[in-house]
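Okay, so here's the structure we're looking at.
Chain letters run A, B, ... following the sequence lines, proteins first and then strands; every chain starts at 1.
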Amino acid sequence: MPELPEVETTRRGIAAHATGRRVRAVVVRNPALRWPVPNDLPERLSGRTVRAVRRRGKYLLLETDGGSVIMHLGMSGSLRIVRMSDAPGRHDHLDIVFDDGRALRLHDPRRFGAVLWSERPEAHRLLRGLGPEPWDATAEYLHRRSRGRRQAVKSFIMDSRTIVGVGNIYASESLFEAGIRPRRAAGRVSLEEYSRLAAAIIEVLERSIRLGGTTLRDFVSATGEPGYFRRTLGVYERRGQPCRTCGAAIKRLVMVGRASYYCPRCQR
DNA sequence: ACACTAACCTGCAAGC
DNA sequence: TGCTTGCAGGTTAGTG
């Protein structure tokens, strides 16, 4: 499900409710996520106060005075603020219960998500090697880093070591905006093209954040609302439909097992 | 260093 | 009505 706009939308919803709240309890119903939820998470987190809710790439960080919960939503995860009295449903694997009777509840059917604990999250192995946030990734940086690479430019920008937050939807959308075909070798994309691409990534992500992200199937924000970016998608899941710019039929291809969409006329 | 693959897991839709 | 197949928003670990 979630790429950067969905994670950021979730972060804002959680922050509004969790910041300054004390954790009363942690209820783990199913610890079998991407990695096991640490056994000692309840004891480490209970009694602590949430100081801030931050995002790094697609990771959410629930910061307390004594350490941070690192959360990832994987493909199908969502986090909602619920009342403690709301009965958990299927795939509601974990609750972080606050002192006001509300709880942060993780729902994740596919269980590709993660909930971990770290006293220094920025040094955690999952976060350590991450590339820059999109707002800090310049055209010069992308150009320099891609020299000599034969990897497809779409795979290059979806690699979190290159730049964080760009998943399958926004990679296709950004490349469409920038007029670059997804299969082009990253090392053969010019500085001028990376300049368009860097700007397109920021523009697309910001526009999606404003609309609350993209709900393809089941994404909901912390307040339970879907995102409305889907209606404005230029190419994603629009195979055969006319390009909104030139009218040509949108094409679909599969790269590294992931669907990619592009306009054969606008993108070169 | 780079690039590709398999793997983790469930749900849903389409086709037979 | 099943049953099988393919596909889905992510990322790591392993291989060559």
Can you measure [X] atom [atom1] to [N] atom [atom2] for me and round it to whole angstrom units?
X        : N      : atom1 : atom2 : answer
A:Arg217 : B:dA13 : CZ    : P     : 10 Å
A:Phe219 : B:dC12 : CZ    : C1'   : 20 Å
A:Leu33  : C:dT11 : CG    : P     : 15 Å
A:Asp159 : C:dT11 : CG    : C1'   : 10 Å
A:Leu4   : C:dG10 : CG    : P     : 11 Å
A:Lys58  : C:dG9  : NZ    : P     : 10 Å
A:Leu216 : B:dC12 : CG    : P     : 15 Å
A:Arg239 : C:dG6  : CZ    : P     : 14 Å

Nucleotide opposite C:dG9 in a Watson-Crick or G-U pair, distances under 3.5 Å: none
Answer yes when [X] and [Y] have at least one side-chain N-carboxylate O distance shorter than 4.0 Å, and no when they do not.
X        : Y        : result
A:Glu237 : A:Arg239 : no
A:Glu8   : A:Arg55  : yes
A:Asp95  : A:Arg105 : yes
A:Arg144 : A:Glu140 : no

Among C:dA13, C:dT11, C:dC7, which is the nearest nucleotide to the side chain of A:Arg252? C:dC7
Of the listed C:dT11, C:dA8, C:dT12, the closest approach to the A:Tyr236 side chain comes from C:dA8
How would you label the contact of A:Tyr59 with the nucleic acid (heavy atoms, under 4.0 Å): base, sugar-phosphate, or nothing? sugar-phosphate
Does A:Arg230 reach a base, just sugar-phosphate, or nothing at all? Heavy atoms under 4.0 Å. nothing
Considering only atom P, compute the distance from B:dA6 to C:dG6 and round it to an integer number of Å. 14 Å
Atom P, compared across C:dT11 and B:dA1: separation rounded to whole Å: 22 Å
Checking side-chain polar atoms at under 3.5 Å, does A:Tyr194 have a donor or acceptor matched by the opposite partner on A:Ser146? yes
A:Tyr262 versus A:Ser172, side-chain donor and acceptor atoms under 3.5 Å: no
Under 3.5 Å donor-acceptor, A:Asp108 side chain and A:Arg111 backbone: yes
Quick one: what's the B/S/- string for nucleotides 2-11 of chain B, heavy-atom cutoff under 4.0 Å, read 5' to 3'? SS-B--BBBS
